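What follows is a single structure, written as C-alpha cells, with notes after it.
Keep in mind that this is a model prediction, so the values were computed, not measured.
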Amino acid sequence: MTPSIRRLWPGLILTATALPTVGQSLDDALASGQLGPGYAQLLNLTSSPDVSTAHYNVDTSPEKLAIQVGRIGHEQLWQTLSDTTDLYWRGAGGYTSMRTGFPTTVAGPGAISSTWRAVSLTAGVVAKIRLGDEFTLLPALDVGVARLENHAKYSGAAIALKPFLDGRLFDWGTNATLVTPNVGLEWIRKHDDRTTAIRLHAAWSRIATFGEADPALSFREFAGVASIRAEHVAPTTLRVAERPLRWVAFGGHSAFFGPNREALGFPSVSEFGLGVEVPIAPGDAASKRVRLAGSYLVGPSVHGWSVSVGMQY
C-alpha cells in the first residue's frame, strides 16, 4: 500500500461504516480519496526498467511497508535499417509485492494486514542509432498488460469491517493496459579489456484499467520515471569454465516525475553496487554476459538492497 493511500484508510473506513445511515456510497468515498495515482504508480514500478529489481523498505510511517520488485527481460536484434541504425524487439515480465498493515479501533481493537500484488508483461521495439563519438540514441515504444490484486486479512474487532471494505478497498482485482514511449542515450567507451558506460533513460506511461472487479476501481493515469546509470567493468586474473571473469562497479539514480511522483512514498532512489560477470561465448568480446551483482539502495524515506543475476547485452 502506498503511503498516500494508507493515509486515507481511517477516513475511508469511517465513511464506509457510516454508509447505512447517511445513504452515501463507498464508490463516492473512494473517488474522493483519489486512489488511482497510487495504484498506477505501483504498476509503473512493476513494469519500468528504470527502478531496480530489489527489496525496498519505505520509512514514511510507523507501520511496516515492504516492497519487493522482480523483473526479467530479453532483447534480440530484429533487423538492420542502415549502417548506423539497428532495430531490436524486446519483452519483459515484472512482479511487485507490497505488504503493510495497521490497527483499527472503529468497532474495538483489531487489525488489518494487506498485500498488493502486481504482474506485468510488456513487449516493444527499440532503435539503436549510433551517433558517433561512442554515443547511441535509443528511442523506443513498449506496450503491455498488467494485473493488480489486493488481499487482506482481518483480526479482532476488524473482522466486523470486512463486509463494508471487501471488493472496494480490500480484496479486489483489476487489469490494466500500459503504453510507454521512452527514450535513452548511452555513452560506452571500451579500452583494452575495460569498459565504462553512462546511460540516461526517461519513460512516460499511460496506464488504464479494464475488467475491474468494481467500477469504482477504474482509473486512467500517467506516470513518468527517469534514470541515470554508470558502470565500470575491468578484468580479473580468474576464469570460470574457460571464460574470463570481470568485476563490475556501478551506481545510478532513478526518479519519478509528473504530478504523482510521490505516490509511492519516495520520489527517488539511488543505487550503489558491485558484481562479477562472464561472457556466454568464450573468446567473443561482443558476447552477451551473465552478471551476478549486489547493491544497496537509498533515497528520501526509502532504503533497500538487491542481489540479482541478469543478462547483459
N/O donor-acceptor pair under 3.5 Å between [X] side chain and [Y] backbone:
X	Y	answer
Q41	A223	no
R71	S48	yes
S306	T53	yes
T195	H191	no
R243	A241	yes
R261	F256	yes
D142	T122	no
R220	T209	yes

Look up atom [atom1] in [X] and atom [atom2] in [Y], then write down how far apart they are to the nearest 0.5 Å.
X	Y	atom1	atom2	answer
I129	T85	CD1	OG1	5.0 Å
I67	S97	CD1	OG	9.5 Å
Y39	I207	OH	CD1	14.0 Å
R99	Q68	CZ	CD	8.5 Å
T46	M98	OG1	CE	8.5 Å
L137	L131	CG	CG	5.5 Å

Is [X] salt-bridged to [Y], cutoff N-O under 4.0 Å?
X	Y	result
R229	E271	yes
D83	R130	no
K128	E75	yes
E149	R147	yes

Could you check whether atom [atom1] of [X] has more than 12 heavy atoms from other residues, nucleotides or ligands sitting under 6.0 Å from it?
X	atom1	value
D193	CG	no
I280	CD1	yes
Q79	CD	yes

[Y] side chain reached by [X] side chain, heavy atoms, under 4.5 Å:
X	Y	result
L65	N57	no
T237	L245	no
R246	V276	no
L297	Y56	yes

Q. Between A197 and I188, what is the shortest heavy-atom contact and its length?
A.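 Answer, listing the atom of A197 first, then I188: CB-CG1, 3.9 Å.
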Q: For residues G167 and W172, report the shortest heavy-atom separation together with the two atoms involved.
A: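 G167 and W172 have their closest heavy atoms at O-CB, 3.9 Å.
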Assess, by modelled atom type and distance only, whether the side chains of [X] and [Y] contain a donor and an acceptor separated by less than 3.5 Å.
X	Y	value
D50	S254	no
H232	T196	yes
S114	N150	yes

Q.
Before you tell me yes or no, could you show the steps for H253 and S270 under side-chain hydrogen bond (donor to acceptor under 3.5 Å, both in side chains), namely the whole-Å CA-CA distance, both residues' side-chain angles and the distance that decides it to 0.1 Å?
A. CA-CA 4 Å; H253 182 77; S270 298; 2.7 Å; yes
Q: Determine, stepwise, if the pair H74 / W89 fulfils ring-ring contact (aromatic ring centres under 6.0 Å, His included).
A: CA-CA 9 Å; H74 181 72; W89 66 266; 5.7 Å; yes
Q. Among all residues two or more places apart in sequence or in another chain, which pass the side chain to side chain donor-acceptor pair (under 3.5 Å) test with S205?
A.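 Testing S205 for side chain to side chain donor-acceptor pair (under 3.5 Å), a comparison that skips the adjacent residues, returns T180.
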Q) For the residue pair W187 and F135, does the interplanar ring angle fall in the parallel (under 30°), tilted (30 to 60°) or perpendicular (over 60°) class? A)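 Correct class here is tilted.
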(Q) By the ring pair (Phe, Tyr, Trp, His ring centres under 6.0 Å) test, which pairs, at least two apart or in different chains, include something from residues 199-226? (A)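 Every pair satisfying ring pair (Phe, Tyr, Trp, His ring centres under 6.0 Å) with a residue in residues 199-226: W204-F222, W204-F257.
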